Structure formats: structure tokens, C-alpha cells
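Everything on this sheet refers to the single structure shown next.
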Amino acid sequence: MKRVLIVLMLLAGVARADDVATYETDGNAAAALTDARTRALDVAFAAAVNGALGDLVAPADLTSFRGDLDRVIVARARLYVASFKVTTEENQGDQLHVSAAVKVDRDRVRAKLTELGVPVKQVVTTSPPSGGPKAVILLRVASPSGVSANYGASAAESVAGLEGIAGALRGAGMSIVAAPRSGPAAHPGGDLPLDDDSARALAGDVKAGTVVIVGVTIEGAGAIRGARTEAASAIAHARILAGDRVLGEASARAGAYASEDAGAIARAAASAAKLAVDAALPAASTELGATPTAPPPPPLVATAGTVFVRFKGLTTWSPIKSVTAQLAQTSGVDRITMSRVAAGEVVLAVTTKQKPERIAAAVRATEGFSGRAATDDGIVEVTP
């Protein structure tokens, strides 16, 4: 209770500074239409939101996620428009042309980008002089392709989950300062990328009284059976310090899907990081002491010709690789595909005429396997 009171005292009475930017844009529509002005404004709004995306997302990521961005954000541009003012409106031939100053709520755009798993550029939102405690985020994401962090000499321009964490902290009344880009590169090992003393030292470099340390590890990624979709699962650990006090700490898992591997990994990392920080921060929407979890996946149902092998409680991806290799050599197994990657579980679909008990025996025969593999309602359940 004492720790909770300290945090509430630090965060009380602080207002959030919204990030609303103005974009001068144009739109056209056929003048003969009864709703020509509305349609022309929709074009202008879409252009304004596209401008905001250009400010918030790196060019390479704009290209990679263009389909999702157009479908989910640009096509619903009005959701992100805080206000607008038409500066000119005139007929040009058979077209109605409007020019408008459109104010876009970039915090809302950031929130949707985080939900989609799109990496967001590190943009520091400044607070007014009366702003809340200064906080610095020290985030590391370790994935099969390498390590990405927002601090240190090799700091990345954007790191999955950074803007979601920043949004949670701003919502709690803190102002965010940029992480220092000096010192050693982030290491991939450990739940957290830094010990408390090292984190405090980096926070001191940018004069931040609060430091939020977040470590995210991608537990696994792969293709989804029967769909041209990739999935990934991530675990995140968060620890929040203020001076010599620990204000909160929590862990969370999350799974995500995307049309390609990098997108699934980014989404899973962003979701897990946000869940962990939300749990570490006291908030009205989070029961104190509880760790939020992603919605449970739908139940597995045994089907003819397919045996599902579900892994639970794994901390590394290597046992799945070993079991997959063993099953590939098992008589009667035609194909092995990834069926699902969700919070806390990974499911393989084995196309075979063999019975589940035979598949479970093959799992137990995997070299180095020391866990448990047993059948339950036709599903092979594997635990460490």
C-alpha cells in the first residue's frame, strides 16, 4: 500500500498534453453530387491523416504496412480529425475543390498504430512548464532478427512498443524525455535490459526522475496453418523506478498476427510491452496486483486427419524446433504446420493418419526432451 500511495502522490493533479497537429490539405469531388462537399472534405481528411502518418512512421514501415494503414486508418480518417476549417471552396470545372486546415489527433493515430503493431518514430511530446514528473523509457526488444533498443550508442529510430508505453505514461500524468543515445548497446539476455543502478545513471543523464525499464523477448514466430498469415508471441517485463524506490513491476504475454513475419513480431512486442507497463502503473482500469492477459484463444477441437500438438509454459523456441524435426521423421506424418501462436501457447498441426497417442510418443522420443507429452481429448499437450 505504501508503494501505491507514493505513486499516486507523484501523479496527482497533472494534466496530459495532447499532440494535435495542423495539416493544410485539399480535396476534390464531382460537383454534381448532392454530398460533394462532404466527399471533398473526406479526401482532404485522408490527406491530412496521411501527412500525420508520414510524421509518425518511418518510410520503410510506411511501405511495409501500407495495406493495413490504408484500410484501418486512412479509410477512417474522420476518426482522427480533432477539428478543421475550410479556407477555400470553389467549383473548378465539374469538380468542387476545397482547401482546409485540418487538425489531426496524433495521439489517437499513435494508439491505433500501436494496436496494429506498426513501429512509430521516437517523437518526444513536450509538456507545458506545469507538466508532471519527467520520465525516461529504456526499452529493448529481442527478436530472432536481433536486438532493438531506444537507448545507447546503437539506438534505433523506432522500437516496437515505444509509443504505446509513452501514451500510458502520459495518461498517468508524466512528461516523456528522450532516452540518451550514448553508452553500451543493449544486450539480448535477461528479463530486463538494465539493472537498477545502470538505469538510474542513464535517467540522470537526461534529468529524468522516473525511469521505466522494459524488456521484451519474442518467444516464437511462424506461419499460420491454412492462411497466408504469420503469428508471433512475446513476453515483456517492466520495472518503474523513482529515485531509490521501485514504484511497480509486472510481466505480460501477448500474441499477434500479420501478413508477414516482421509485422507479427512488432505487434506482439508492442502489445506485450503495453500490457506490462499498464500492470506496473496503478490506474483505475487496472486492478492493483493483477497482471493483465490477452483474451484466451478459442478451444482446440480434434479433427480427422490432423493431430494438434500444443506447447505450454515454454521459455524458449528451441523445443518446438526439436519436436518438429522429430515429427517430420515419424512414420505416417505427412505435414507439420503452425496452427496458432497465442499468449502462453504454441500449437502445431500434424497432418497424419496416426493416432494422437502415437504422436505423443514421438514427441517424448525427441532427443533432449525432458518434459511431459500426453493426450487429452485427442490433443497432445506438451509441458516442460
Side-chain angles (χ1 to χ4, degrees), residues 64-65 67-68 116-117 142-146 217-235 253-269 271-272 294-384:
S64 298
F65 293 93
D68 285 344
L116 293 173
S143 71
S145 60
T217 302
I218 302 301
E219 298 178 299
I224 299 298
R225 175 177 181 250
R228 302 174 71 176
T229 304
E230 302 288 326
S233 175
I235 182 170
R253 277 189 170 88
Y257 304 88
S259 59
E260 37 79 41
D261 191 62
I265 288 174
R267 291 182 182 182
S271 296
L300 287 177
V301 179
T303 59
T306 300
V307 175
F308 291 110
V309 180
R310 175 161 49 195
F311 296 81
K312 286 187 174 181
L314 297 181
T315 57
T316 67
W317 194 250
S318 56
I320 297 174
K321 288 185 177 180
S322 299
V323 168
T324 300
Q326 173 70 19
L327 292 175
Q329 301 174 14
T330 300
S331 175
V333 171
D334 298 323
R335 186 174 59 174
I336 306 162
T337 55
M338 190 80 64
S339 175
R340 185 163 74 200
V341 179
E345 71 174 40
V346 176
V347 179
L348 299 179
V350 182
T351 303
T352 181
K353 294 180 180 179
Q354 298 279 16
K355 293 183 177 181
E357 290 77 12
R358 175 69 182 89
I359 299 302
V363 172
R364 291 191 294 269
T366 301
E367 184 177 355
F369 181 79
S370 58
R372 178 177 178 272
T375 58
D376 183 7
D377 288 335
I379 310 299
V380 178
E381 303 284 357
V382 181
T383 54

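These figures come from a predicted structure and were not determined experimentally.
- Using a 4.5 Å heavy-atom cutoff, the side chains of L348 and T337 are not in contact.
- Nearest heavy-atom pair across G117 and A266 is O-CB, 3.0 Å.
- No side-chain heavy atom of F311 sits under 4.5 Å from any side-chain heavy atom of T383.
- Two residues are said to be in side-chain contact when any heavy atoms from C-beta on lie closer than 4.5 Å; I379 and E381 meet this criterion.
- Counting heavy atoms from C-beta outward, I359 and T352 have side chains that approach closer than 4.5 Å.
- Residues R364 and R372 have side chains not in contact (no heavy-atom distance under 4.5 Å, counting atoms from C-beta outward).
- Looking at heavy atoms from C-beta onward, V309 lies out of side-chain contact with V347 at the 4.5 angstrom threshold.
- At least one side-chain heavy atom of V363 sits less than 4.5 Å from a side-chain heavy atom of F369.
- With rounding to the nearest 0.5 angstrom, the CD atom of Q354 is 9.5 Å from the CG atom of D334.
- Shown here for A254 and A272, the closest heavy-atom pair between the two residues is CB-N, 3.6 Å.
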Derivation of the salt bridge (Lys or Arg N to Asp or Glu O under 4.0 Å) call for R310 and D376: CA-CA 11 Å; R310 175 161 49 195; D376 183 7; over 6 Å; no
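- The two residues G378 and V307 come nearest to each other via the heavy atoms O-CG1, 4.4 Å.
- Between the OG atom in S322 and the CD atom in E367 there is a gap of 8.0 Å [rounded to 0.5 Å].
- Scanning for side-chain hydrogen bond (donor to acceptor under 3.5 Å, both in side chains) contacts around Q326 gives an empty result, with sequence neighbours left out.
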Step-by-step side chain to side chain contact (heavy atoms under 4.5 Å, CB included) determination, R358 to T330: CA-CA 9 Å; R358 175 69 182 89; T330 300; 3.8 Å; yes
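- Between the CD atom in E219 and the CD1 atom in I265 there is a gap of 12.0 Å [rounded to 0.5 Å].
- We find the CG-CZ distance between L327 and R335 to be 14.5 Å, quoted to the nearest 0.5 Å.
- Under the side chain to side chain contact (heavy atoms under 4.5 Å, CB included) criterion, T375 pairs with P356, E357, A360, V380, sequence neighbours left out.
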